[in-house]
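The chains referred to below are lettered A, B, ... by the order of the sequence lines, with proteins before strands, and numbering in each begins at 1.
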Amino acid sequence: MIGSAFNQLWQSTGLFGFMGMVEGFGIGNLVMIIVGFILLYLAIAKGFEPLLLVTIGFGCILSNVPMGYIASIDPNSGNPGFIKMLFDMGIDTGLFPILIFMGVGAMTDFGPLIANPKTLLLGAAAQVGIFIALLGALALSFIPGISFDLYAAASIGIIGGADGPTAIYVTGRLAPNLLGPIAVAAYSYMALVPIIQPPIMRALTTKEERLIKMQQLRPVSKLEKILFPLTVLTACAILLPSATPLVGSLMFGNLVKECGVANRLSDTMQNALMNIVTIFLGLSVGSKMEASHFLNLNTLGILLLGMVAFAFGTGTGVLMAKLMNKLDPKHPVNPLIGSAGVSAVPMAARVSSKVGQESDPQNFLLMHAMGPNVAGVIGSAVAAGVLLAVVPFMMA
Amino acid sequence: MIGSAFNQLWQSTGLFGFMGMVEGFGIGNLVMIIVGFILLYLAIAKGFEPLLLVTIGFGCILSNVPMGYIASIDPNSGNPGFIKMLFDMGIDTGLFPILIFMGVGAMTDFGPLIANPKTLLLGAAAQVGIFIALLGALALSFIPGISFDLYAAASIGIIGGADGPTAIYVTGRLAPNLLGPIAVAAYSYMALVPIIQPPIMRALTTKEERLIKMQQLRPVSKLEKILFPLTVLTACAILLPSATPLVGSLMFGNLVKECGVANRLSDTMQNALMNIVTIFLGLSVGSKMEASHFLNLNTLGILLLGMVAFAFGTGTGVLMAKLMNKLDPKHPVNPLIGSAGVSAVPMAARVSSKVGQESDPQNFLLMHAMGPNVAGVIGSAVAAGVLLAVVPFMMA
Amino acid sequence: MIGSAFNQLWQSTGLFGFMGMVEGFGIGNLVMIIVGFILLYLAIAKGFEPLLLVTIGFGCILSNVPMGYIASIDPNSGNPGFIKMLFDMGIDTGLFPILIFMGVGAMTDFGPLIANPKTLLLGAAAQVGIFIALLGALALSFIPGISFDLYAAASIGIIGGADGPTAIYVTGRLAPNLLGPIAVAAYSYMALVPIIQPPIMRALTTKEERLIKMQQLRPVSKLEKILFPLTVLTACAILLPSATPLVGSLMFGNLVKECGVANRLSDTMQNALMNIVTIFLGLSVGSKMEASHFLNLNTLGILLLGMVAFAFGTGTGVLMAKLMNKLDPKHPVNPLIGSAGVSAVPMAARVSSKVGQESDPQNFLLMHAMGPNVAGVIGSAVAAGVLLAVVPFMMA
Amino acid sequence: MVFLAQLPKEQLIAQLENGVILMVLGIATVFVFLTLLVFLTKGMSAFAKKIAPQKKPAAVVSSPAAATLSVSPASDADIAAAIVAAFAKSKE
Amino acid sequence: MVFLAQLPKEQLIAQLENGVILMVLGIATVFVFLTLLVFLTKGMSAFAKKIAPQKKPAAVVSSPAAATLSVSPASDADIAAAIVAAFAKSKE
Amino acid sequence: MVFLAQLPKEQLIAQLENGVILMVLGIATVFVFLTLLVFLTKGMSAFAKKIAPQKKPAAVVSSPAAATLSVSPASDADIAAAIVAAFAKSKE
Ligand code: NA
Ligand code: NA
Ligand code: NA
């Protein structure tokens, strides 16, 4: 009897599971745990988007513990694990990315965009990367071993939105099994923006262009800041209802902040609520780092295409700025701020500023780059709206 | 093919929905969006209960975006929208108003009431408005185009409780379809207390009565403040169990505050928890501002009856104070504090004080008015308990 | 008609319920309400673990209000009460204790344990109390009127873990009906540690042993503090997956704190999130203080065995320290820190320090006792993992 | 505007009758309950005084200066402002 | 490494066609929407200026010193540090 | 008091046997696991020292002054009190 109990305990060790002796577990779990540790290393030692990658990495480790059943249903008791519950509560339903987007809205200052609205076009141009990567995913599927359908391709494309909650929202709706690699790619490349963008920016601009000084931004009144989120919301409601969950929650957070009469709500959105949801969202996303959906050529394809998306978005943003200078030479735009249109707030705007100061240390581009930077958030949400409206219809 | 995709996108614009070309949407949504903007205007520009009316107004707008399916189930995907989820989570179940009531309890100082317990009678008298409005709703139903059943009438009456969470709790239980107009009426009239109450108060009192100076309140010990919530809870448990969810959560919050050994919980109830729930509750309530339940004569009836409830509650509170002076002339009560019995904490108490100082700038009534003011919160919850216990039985 | 309505109201008073005239209620509810008041008294006047006992006590009172249906389903409307919802959301699923454990991890400094890892053995030894009490529960079941099965016995044993969330997690999984008395016993004895432990500690040590001075703890680097939670997690994943929900969430909280790059998440885990969950968890646990599961001899048995568990754990911790001194006399350990191995952080460590200073006021044991103290948390979670893995298998 | 279907007259009258009952019942209950609470509160205060006779008042509630609900605890900015003010004063 | 089953060629080509359509549609929509927003924002600003002509600028957004997203409010420690610094300076 | 139904004697004995097994198993597992952890922790510390040899100690944990779990961060009031105290001292 005591022997059988010891045997039971031994058969319930993780070691036993890693050796593939329990159905549903195997060496793949061990590999994924190592991937989780690598994410923790990148987050802690390298400072890659630590809030998200620490939680995603830890979620990946916990979810891959054999017979831990933390992100699945325990077949013996029928109980769901705690990360499974969090996933069902907030990712499957789309609630967590929406709540994060409220907090992002409450943290965002659209002032620079209101002062120079034409930078919205830079935020539009940089979304081209999304669709290039989408097409790339479909093309890569011709290679044996890689296989993406339209849902997967759209989710991969949205990595190019350079916006975590948008990517998670779209992928959760269209291709939840790919949530792990897509979220990791999105946050990793956002952290790598200072490495990915500068060479592209330098290659596409001349020395003279990089020296362009922009006119000082005009002051923006409080009333304009209050009316702006309402304007965007109205446009979105009239033209693209499928984008309203994302755009609406962003603008809700922003209005609560800017209206000045609900500061305690704005403060909670930015802090307690956002932090709680970030913890839950990170762990849940990490739980989608399953061996069966991660250890295949598709993941390599996703990582490659994510890079393509970022690179193309950066490039089209810069080129759009050069085109705008051609069309309206009286109000010159430094093309270096075009790359900030990918979003990745505020990192991409800082990169614009830094590259600009390489040529002229007295040229302060940061505030100018914040315009396209926050425009990129709106642009990605609009692109997400198109994908969410059209892809299910095409697949029907 | 591309034509059909463009057509699909065009048919999914909000414009198409406003024109009534999709089942379930129409021009009514546009009107409700405008109503939402009006609420935002009142909240932001006029300062009407901004924490609630900003969130309710925004929830109204988001919920009325055609084909946004933010407060309903998307018929194509079967997914509920995020505001629908919040509503099901917290309003349908009654959880959100209960949690807000905990926070209210943790913010309330019952000291002035303990020092002068007979002001509880003022809090009782001011609830008469609830039942007058209830009766009024049933009477108005004889008018063609207006139709309230007993559930609706009870929910309308509770507007006179001048207490947001109580009104939302009762309406969520008895007549959830009327939640939109009732919550808006309740919060709007609470914001209008400084305009509604003074003329009634002046009309029902003489100059001499308004000059009455009250005896200074005695100090209240910490022990009394700890025992008070337990006393109220006990009375409620013995006599009116149907009121215990509301009264119990109010007294729980108050005990956690007053006991002094759980300050971190009290602080969270008042801040992080309350703010999160306020955001969720406001958006959810806003989602009940549907064209079909708002754009009819009933809504006019509700607005009218809400005003009646406030006015009668104010009046009966003042008259009760005058009666108390008749019965117990040794301990005079300034009848101006009677109006504070409607609750609307702390606005109504401030109004008592302000009207008092019109007659005598040296007469500080604020603390005296806080007694009936917090008594009104208990009174409304007790009235809610009666409605919740008896109405379903009458309708059975 | 009005008579029948008054009658209906009278039949819905709590008084009517206490008198046993409604099915499912009776005098037992009144007794449990009094028990709830006693818990409030212990929490507020005596300072017994007030955060938990205030909420548990209030939850007990609310849940026992006849016809309040706050912790059950209202048979008339079919609606669950708010505490029932909280219970189903977080205790039945195990989510709340897991979230609390994250916060505990984010509050814990494993530095003293890393500096002197062999104190882990003290944390192991003190868990013997768990299994003694388990065996005791099975033995007591021979007494007529007391009846525990293996699920109940394991849940009772875990009281000896001296760790609230672990006890609630295990009991919620194995014997949810006993949650009330077990949680109350666990938190009460944790509060009574300064009374229970010193006599045992004095009885098992000589004056010379109590005077032992320990070597100053070496400094611990930030890197070690980051690697420690990952080390424990890895060991747990490989050897005891059934303990990973508890150990994993503890180590997640600790890593988020120690990594230094996610302070806003760590802060939220320790404050807003932990406080919210504590409120919900306390009320839910209190709802399991039902007359039918509390007012019987089993509860006396649980209280007795909880004391046994604490006493034995204290004793085996001290004896283990003495054994370690025998085996390794070069690095003497003051046996008074052995008792801290029961966990009950940080109370038990303070008791070690206080008893030590009775003999030598210059002997500062507190930091030395923190090592076994936090080791005890890990030890209890490991013991919980064994119970969760083996008990259901034995009962199958 | 949507025009709602009208309830039949008998039902309207029946529910008006119910409404009157509800009013009587409700007002009576609220008054009975809160009147009872007046006495319970007085009893509670007497009990509190008996078991813990206090010499110094724990809190004076009538001062107009303290006459606001403690709805929001002092914010960081308030504390900072208070310290700066105290500091400035001390320099005079 | 897991090798995934390959989709049939016709399906791959069909979805590539869909992808091209999606790209055209998506890029067009994004540009139309954001271009429209340029005009709406300008209109909104003109409207704002009309109903509330301002003399003093409410907020100047071009200063490089303010050039960070106000992502985190000043912490307690920051406030304390600022006060201590101010205090130390005043003692000079 | 409710008197609970008694389990049959054979079942009681059977579960007592299970209890003994559980005790042996449990105590063994706890000791094996935590003993292993002693060695793993020592190994981890050696590894940490190897990859990042430190000159200055990052944190000294033995000082009795620091001898409290950092359970609650300093509150605003604490900070304010500390500053006021420091200020008062500086005026001496
Ligand atoms: Na973007
Ligand atoms: Na009221
Ligand atoms: Na323990």
Checking F:Phe39 against chain C: side chain, backbone, both or neither under 4.5 Å from a heavy atom? neither

Cut-off 4.5 Å, heavy atoms of chain C, and the answer for F:Ile51 is side chain

Measuring heavy-atom distances to chain F, does [X] have an atom under 4.5 Å in its side chain, in its backbone, in both, or in neither?
X	value
C:Met320	side chain
C:Asn373	neither
C:Leu239	side chain
C:Leu134	side chain
C:Ala125	both
C:Ala235	both

Spatial distance of atom [atom1] ([X]) from atom [atom2] ([Y]) [nearest 0.5 Å]:
X	Y	atom1	atom2	answer
F:Leu12	C:Ile143	CG	CD1	11.0 Å
F:Met44	C:Ile226	CE	CD1	10.5 Å
F:Lys42	C:Thr231	NZ	OG1	14.5 Å
F:Ile13	C:Leu138	CD1	CG	12.0 Å
F:Leu37	C:Leu113	CG	CG	7.5 Å
F:Gln15	C:Leu135	CD	CG	11.0 Å

Can you establish whether the number of heavy atoms outside C:Phe393 located under 6.0 Å from its atom CZ is more than 12? yes

Going through the distances and angles, do F:Thr35 and C:Leu121 end up as a side-chain contact (heavy atoms from CB on, under 4.5 Å)? CA-CA 6 Å; F:Thr35 307; C:Leu121 298 178; 3.5 Å; yes

Pairs meeting criterion salt bridge (charged side-chain N to carboxylate O under 4.0 Å, His left out) with involvement of residues 114-131 of chain C, two or more places apart: C:Lys118-C:Asp328

If you take all heavy atoms of F:Val38 and C:Pro117, which pair is closest and at what distance? CG2-O, 3.5 Å

If every non-hydrogen atom of F:Ser45 is compared with every non-hydrogen atom of C:Ile114, which pair is closest and at what distance? OG-CG2, 3.7 Å

Identify each donor-acceptor pair in which a side-chain atom of residues 19-33 of chain F lies under 3.5 Å from a protein atom, sequence neighbours left out, and give them as a table.
{"unit_1": "F:Thr29", "atom_1": "OG1", "unit_2": "F:Leu25", "atom_2": "O", "d": "2.6"}

Largest heavy-atom contact set with chain F, pairs under 4.5 Å, which of C:Val31, C:Val391, C:Leu223, C:Val104: C:Leu223

